[in-house]
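Read the structure below first, then the notes.
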Amino acid sequence: MKKWIAILMAVVFANVSQGQEVVHAWHYDGLGIDAAVGLSAAGSTGTATSISFGDKPLAAVTNERVRWAATGAANESAFITKTPTLYAGQTTGEFQLELDFEDADFSLSSVANGDARIGIGIRSKASGNDDGYFRLRFDGRDDVTNIVAGVTNVVNYDELYLEVKDDISANVKVAELSGPTLTNLNIRATYDLNNKGNAGSFKVYYSLDGAPEVLAYSNGVLAADFKIDQLRWAVQSSNGGAAWTVGDDCFTDNLIFSKLADPEPPPALVGLIEEWTFDHEPNGTLFEGLTNTAPDPFGLGAWSGDKDQAFVSNGVLRFEQGSSDTDNVYRNSTLSQSGITNGQFQLSWVFTDADVSSSTNNGYNCGFGLRDNTLNQDAFLLRLQKLGDKLRMETRVGNSNTAFKFLGTNVLEEALAVRVVADYDSDTFDVFYTQGGGVEKVATNGMSMYASNMTLDGIRMVAVTETNAWGPTDFFEVDDLQLSVYDPNAFTPQGRYNTWLLGYQPTLGAATNMVDNPDMDELNNLGEYAFGGDPTDDGDIGYLPSYESATSGGTNYIDYVYIRRKDSVERGLTYTLQLNTDLANGTWTNDVSLYENIGAADLPGSEFRAITNRVNTEAGARFIRTDVTFAP
């Protein structure tokens, strides 16, 4: 089923890509074939009015692409700006800038210990010309000392690499690419103006020689007042420390400025699964006394294992300093129904207040996530964490943290509402937040969970409250912790069966009823579902029953083993051992006096469990089968 979900998601992503608006694009088609021309001859295509860049000695369009090459002039550079004819001054939305570096050769500059820089970005003139740009940079260094195993060598060091600049960083190397030459490098940068001022609003990706795309810079920050003013080439030959040798060159093509389609909002919620509002308990109530207020048939999840530093206080859950340097809060809740592997779910809560100013230490935090008990891992965590004199909101997946919102101080001055939409079909999650009742913002989309095919077994609570982290008056306060579902049928037996069917489309077609047998083997769809078979493959009917002879106390038996799903109750499946004395005229019955259940064991790495029954063969000739019924 995961394979089919992946195909669906690929279709969705393709639709988003097709929906993006190409504002300006320079492809240089038909230009410079007979003789080189300047950049002014290359007008843009796209939805906006055509524009072109000004001519510079460094640049010439030749054979339908731009050749950048030094002329040998002193202090030579090409800082060329152009205002887009559409979306100029734009302060919201998501945009993308991409460029192909088709070929680059700085071999001569390598010999001459040279330096070359070629890049482009978007400039905002709101507060001192803030740029978000990427550039290809060559760095040739002679006589670099290299010590290996105690032996000192003097070597040449030549490198092409990808460099970026944004509001918090200037000229940061984000990817080492090759020596003095390369071919087929595609770079694209995304500008999320809805999230400007926060980490992740500027990202840079690249692909080299057709390899899979790499996210080279994920936590870039656009200035809080960033707007689209200009597209700006920044090319340096002998300017600003560059020393680019005449004869070397670089070819670029397919410069594209686009407005990305707005992300689709998540579907409307259909109901609560678990909810803790902390309004029904007296002050001082610990975890085991918390009331789950989600309506029937849910609201059965519970927390266990009290911690003295986490308790109800005036209608919120308050976390305070622990009693020792190892006293932290790591707690899991049960769920009304566990073992969920598909569907979309939302985990949300509100940080109503926080003050972590009484300690100078870093690293302590408070947050929640979703848990896979089988893997003993969190699919994700979302936390408030102290860093210096600031609080920051961050995700944690495995051992990796991604910060996307800095709150300015170590005191939470306005309530912060967060929600995480977890998609267990695509194994990704999205993060949204609202502060002080303002407009909700998208923190991040499509982050990967810890692993694929994870199971939703519980809610994870973390709070690092140890004394060598928290100060004596530090605290976090949390309210309205909720787990919700987007699919009203996600937990019903029929919904689980429908999800199973989805994994075999489109091959299955309309043969989706439980009595259908599209592959014409021994089992219909219900049998394939119950025993782990493939309804589209006549060679796969899942786990077959097995048997062997046994003797105990002088009596002969058959040990008969059948397989059932571990979550058979939730799926509405009932497995029954049945016996018969005559296949032609007899009746199948579940006569428990003729057999006993002698054991059960989980099949490693699967969703199934083996059930072993001992049948008395001396009570008459018998036939044995496993009967399965379904109750939606």
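Numbers here are sequence positions counted from 1.
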Indicate every side-chain donor-acceptor pair of residues 309-318 with a distance under 3.5 Å to a residue at least two apart or in another chain.
from: Gln309; atom 1: NE2; to: Asp327; atom 2: O; distance (Å): 3.3
from: Gln309; atom 1: NE2; to: Asp327; atom 2: OD1; distance (Å): 3.0
from: Gln309; atom 1: NE2; to: Thr465; atom 2: OG1; distance (Å): 3.0
from: Asn314; atom 1: OD1; to: Asn283; atom 2: ND2; distance (Å): 3.3
from: Arg318; atom 1: NE; to: Glu320; atom 2: OE2; distance (Å): 2.6
from: Arg318; atom 1: NH1; to: Glu477; atom 2: OE2; distance (Å): 2.6

Would you call Arg565 and Glu570 a salt bridge, taking side-chain N to carboxylate O under 4.0 Å as the test? no

Asp378 side chain to Gly369 main-chain N or O, any donor-acceptor pair under 3.5 Å? no

For the atom pair CZ (Arg383) and OH (Tyr364), what is the distance rounded to the nearest 0.5 Å? 13.5 Å

Between Ile340 and Tyr424, the two heavy atoms sitting closest are O-CD2, 4.5 Å

So, do Tyr529 and Leu501 sit near enough that their side-chain heavy atoms are less than 4.5 Å apart? no

For the residue pair Ala451 and Leu375, what are the closest heavy atoms and their distance? CB-CD1, 4.4 Å

Once rounded to the nearest 0.5 Å, what's the spacing between atom CG of Leu193 and atom NZ of Lys259? 9.5 Å

Here the pair of heavy atoms bringing Trp303 nearest to Arg331 is CZ3-O, 3.6 Å

Exam field: side chain Asp355 to backbone Ser357, donor-acceptor pair closer than 3.5 Å: yes

Could you pull out the closest heavy-atom pair between Phe202 and Ala189, with the gap in Å? CE1-CB, 3.7 Å

Reported CZ-to-CG distance for the pair Phe432 and Leu382, which is rounded to 0.5 angstrom: 12.0 Å

Please confirm whether the backbone N or O of Gly305 pairs with a side-chain atom of Glu288, one donor and one acceptor, at under 3.5 Å? yes

Could you go step by step and tell me if Leu215 and Lys203 meet the side chain to side chain contact (heavy atoms under 4.5 Å, CB included) rule? CA-CA 8 Å; Leu215 175 57; Lys203 297 179 180 179; 4.1 Å; yes

Does a donor on one side chain and an acceptor on the other come within less than 3.5 Å for Gln385 and Arg392? no

Verdict with reasoning, Thr293 to Trp276, per side chain to side chain contact (heavy atoms under 4.5 Å, CB included): CA-CA 6 Å; Thr293 54; Trp276 292 272; over 6 Å; no

Any chance the side chains of Asn613 and Tyr547 put a donor and an acceptor closer than 3.5 Å? no

dist Phe287:CZ -> Asp308:CG (nearest 0.5 Å) comes out at 10.5 Å

Tell me, do Val350 and Val478 make a side-chain contact under 4.5 Å, heavy atoms counted? no

Please work out which of the three classes, parallel, tilted or perpendicular, describes the rings of Tyr575 and Phe531, given edges at 30° and 60°. perpendicular

With salt bridge (charged side-chain N to carboxylate O under 4.0 Å, His left out) as the test, would you mind laying out the steps for Asp567 and Arg496 before giving the verdict? CA-CA 11 Å; Asp567 57 350; Arg496 292 172 186 265; 3.7 Å; yes

Side chain to side chain donor-acceptor pair (under 3.5 Å) between Asp427 and Tyr450, worked out: CA-CA 8 Å; Asp427 304 311; Tyr450 173 78; over 6 Å; no

Residues Asp457, Arg371: salt bridge by 4.0 Å N-O rule: no

Show your working on side chain to side chain contact (heavy atoms under 4.5 Å, CB included) between Leu603 and Lys566 and close with a plain yes or no. CA-CA 10 Å; Leu603 300 183; Lys566 296 176 184 177; over 6 Å; no

So, taking the atom named OG in Ser484 and the one named CD in Glu275, what distance separates them when rounded to the nearest 0.5 Å? 8.0 Å

Where do Glu98 and Gln96 land on the side chain to side chain donor-acceptor pair (under 3.5 Å) test, with the steps shown first? CA-CA 7 Å; Glu98 56 184 315; Gln96 178 172 284; 3.2 Å; yes

Using modelled atom types and a 3.5 Å cut-off, is there a donor and acceptor pairing between side-chain atoms of Thr285 and backbone atoms of Gly289? no

Given side chain to side chain contact (heavy atoms under 4.5 Å, CB included), test Phe278 with Leu290 step by step and report yes or no. CA-CA 7 Å; Phe278 314 111; Leu290 297 178; 3.9 Å; yes

With no hydrogens and no angle check, just 3.5 Å: does a side-chain donor-acceptor pair link Glu281 and Thr291? yes

Heavy atoms only: give me the nearest Pro295-Leu272 pair and the separation to one decimal. CD-CB, 4.1 Å

Partner of Tyr562 under side-chain contact (heavy atoms from CB on, under 4.5 Å), chosen from Thr626, Asp627, Leu544: Thr626

Treating Thr428 as the side-chain partner and Met447 as the backbone partner, does any N or O pair qualify as donor plus acceptor under 3.5 Å? no

Examine distances only and state if a side-chain atom of Lys386 and a backbone atom of Asn365 form a donor-acceptor pair shorter than 3.5 Å. no

Scanning both residues in full, the closest heavy-atom pair of Asp479 with Thr277 reads OD1-O, 2.9 Å

Check: Lys441 and Asn194 side chains under 4.5 Å, non-hydrogen atoms: no

I'd like to check Val462 versus Val329 (side-chain heavy atoms, cut-off strictly below 4.5 Å). Are they in contact? no

For the NZ atom of Lys307 and the CE atom of Met461, what is their distance to the nearest 0.5 Å? 12.0 Å

Quick one: sort the Trp349 and Phe351 rings into parallel, tilted or perpendicular, breaks at 30° and 60°. perpendicular

Parallel, tilted or perpendicular, judged at 30° and 60°: which one describes the rings of Phe368 and Phe319? perpendicular

Verdict with supporting geometry, Glu414 and Gln435, side chain to side chain donor-acceptor pair (under 3.5 Å): CA-CA 6 Å; Glu414 294 181 297; Gln435 191 166 17; 4.8 Å; no

Using side-chain heavy atoms (C-beta onward) and a distance below 4.5 Å, is Tyr560 in contact with Thr612? no

Would you please say whether a donor-acceptor pair under 3.5 Å links the side chains of Glu466 and Asn328? yes

Tyr433 side chain reached by Leu416 side chain, heavy atoms, under 4.5 Å: yes

Any luck finding a side-chain donor-acceptor pair between Asn342 and Asp425 under 3.5 Å? yes

Please answer whether the main-chain N or O of Trp470 pairs with a side-chain N or O of Asp474 as donor and acceptor at a distance below 3.5 Å. no

Would you mind reporting whether Leu573 and Leu526 have side-chain heavy atoms less than 4.5 Å apart? yes

Give a yes or no on whether the backbone of Gly527 and the side-chain of Asn524 come within a donor-acceptor separation of less than 3.5 Å. yes

Residue list, ring pair (Phe, Tyr, Trp, His ring centres under 6.0 Å) with Phe429, at least two apart or on another chain: Phe380

Is it the case that Glu274 and Asn292 place a side-chain donor and acceptor less than 3.5 Å from each other? yes

Sidechain-backbone polar pair: Ser333 side chain, Ala302 backbone, donor-acceptor under 3.5 Å: no

Would you indicate whether the side-chain heavy atoms of Asp519 and Thr536 approach each other to under 4.5 Å? no

